[in-house]
Amino acid sequence: MNLLKLKKNNFKYLTLIPLFLIACKKEPEIKEQKIDTVTTIEKPVDSLSTILKTEKESNQNIVTVDASKMPIRLNLEITNPNDQLILRLENLDQPKIKGYLKTEKPMNLRFNQIRMPDNTFDGPFSQTIEYDTKQKGEYWLILAKSNMADGTPVGKFFLKLE
């Protein structure tokens, strides 16, 4: 009688094995993925034609853009707390600059100064800027931390200029 019970229990387990195999052998679902080649390039969004060059001089990251192609949208990053980002606007020929910063996380970052074509400066500003451009030529927007505020200036952010 014990032998019959043992065979019956073994038979139960043997019938479960195919069920486990079928359940575990599920084929992964393959979906067609469309890749946008523009976004896979290591350049900021919407700016492939506007960025003329990027360079680094000590703690200054300089991004030169063609201002005649506004609006400009850039995804940028500051990696060192003492760094400044200088956005050099070449060929600016419009009556006003409007700029907006949007950070991924809270950051101590603002438009610190603007440099006009005659080498005069104005500022400080906030995370937005609206400035009348009375001169034609090259303007610089200097982005950095505010020494009057707390928080880190390190992180990723989005910049829009109109």
Side-chain angles (χ1 to χ4, degrees), residues 23-162:
C24 294
K25 194 181 175 183
K26 213 172 203 178
E27 294 290 324
E29 194 174 307
I30 298 174
K31 293 182 180 178
E32 184 179 330
Q33 286 185 323
K34 295 181 181 176
I35 297 174
D36 185 358
T37 55
V38 174
T39 56
T40 59
I41 297 172
E42 294 283 330
K43 291 251 182 177
V45 175
D46 259 347
S47 62
L48 295 177
S49 61
T50 58
I51 291 183
L52 301 175
K53 68 179 176 177
T54 58
E55 53 194 302
K56 179 151 176 89
E57 294 178 12
S58 65
N59 71 329
Q60 296 177 327
N61 297 307
I62 303 166
V63 177
T64 305
V65 295
D66 184 357
S68 68
K69 297 185 179 180
M70 284 213 211
I72 297 170
R73 294 169 186 89
L74 302 170
N75 284 321
L76 300 167
E77 182 175 13
I78 293 180
T79 56
N80 185 330
N82 297 316
D83 279 0
Q84 290 182 339
L85 182 104
I86 298 175
L87 192 63
R88 190 181 296 171
L89 305 172
E90 289 187 353
N91 308 317
L92 186 69
D93 186 18
Q94 62 185 47
K96 188 178 279 199
I97 295 175
K98 290 182 185 177
Y100 310 92
L101 294 175
K102 182 171 174 155
T103 59
E104 281 188 356
K105 59 181 182 173
M107 284 177 68
N108 176 2
L109 181 68
R110 67 175 180 180
F111 292 98
N112 269 0
Q113 291 184 310
I114 186 168
R115 181 184 155 257
M116 278 72 75
D118 65 358
N119 288 328
T120 58
F121 288 82
D122 196 1
F125 303 96
S126 64
Q127 288 197 335
T128 61
I129 185 173
E130 192 166 319
Y131 199 82
D132 292 325
T133 55
K134 297 176 180 149
Q135 306 168 31
K136 292 182 182 178
E138 184 177 285
Y139 282 80
W140 292 11
L141 292 175
I142 302 166
L143 288 75
K145 67 181 179 182
S146 168
N147 292 328
M148 305 291 277
D150 286 336
T152 180
V154 174
K156 295 180 180 183
F157 60 97
F158 174 77
L159 171 79
K160 181 179 179 183
L161 289 178
E162 302 175 330

Does the side chain of I97 come within less than 4.5 Å of I114's, by heavy atoms?
yes
How long is the span from the CE atom in M107 to the CG atom in L143, to the nearest 0.5 Å?
9.5 Å
Could you check whether D118 and Q135, counting side-chain N and O atoms only, form a donor-acceptor pair closer than 3.5 Å?
yes
Test side chain to side chain contact (heavy atoms under 4.5 Å, CB included) applied to N108 - qualifying residues, sequence neighbours left out
K145, S146, A149
For K102, enumerate each residue passing the side chain to side chain contact (heavy atoms under 4.5 Å, CB included) test, keeping only those at least two apart in sequence or located in another chain.
F158
Let me know which of T152, V154, I78 forms a side-chain contact (heavy atoms from CB on, under 4.5 Å) with L109.
I78
Testing the basics here: between K56 and D83, what is the closest heavy-atom pair and its distance to 0.1 Å?
NZ-OD2, 3.4 Å
Please output the side-chain donor-acceptor pairs of residues 89-96 that fall under 3.5 Å, not counting sequence neighbours, one pair per line with the distance.
from	atom 1	to	atom 2	distance (Å)
N91	ND2	D66	OD1	3.2
Q94	NE2	K96	O	2.7
Q94	NE2	E162	O	3.2
K96	NZ	E130	OE2	3.1

Pairwise side-chain contact, F111 with Y131, heavy-atom cut-off 4.5 Å (strictly under)
no
Under the rule for side chain to side chain contact (heavy atoms under 4.5 Å, CB included), what residues qualify as partners of E55, not counting sequence neighbours?
K53, E57, I62, T64, R88
N61 vs L76 side-chain heavy atoms within contact, under 4.5 Å:
no
Do the non-hydrogen side-chain atoms of L85 and V63 ever get within less than 4.5 Å of each other?
yes
Look at atom CG of D132 and say whether more than 12 heavy atoms of other residues, nucleotides or ligands are closer to it than 6.0 Å.
yes
Sorted by chain and number, sequence neighbours left out, side chain to side chain contact (heavy atoms under 4.5 Å, CB included) with R115 holds for N119, F121, E138, W140
Check whether any side-chain heavy atom of L141 lies under 4.5 Å from a side-chain heavy atom of L159, and answer yes or no.
no
Tell me every residue that passes side-chain hydrogen bond (donor to acceptor under 3.5 Å, both in side chains) with Y139, counting only those two or more places apart in sequence or in another chain.
none
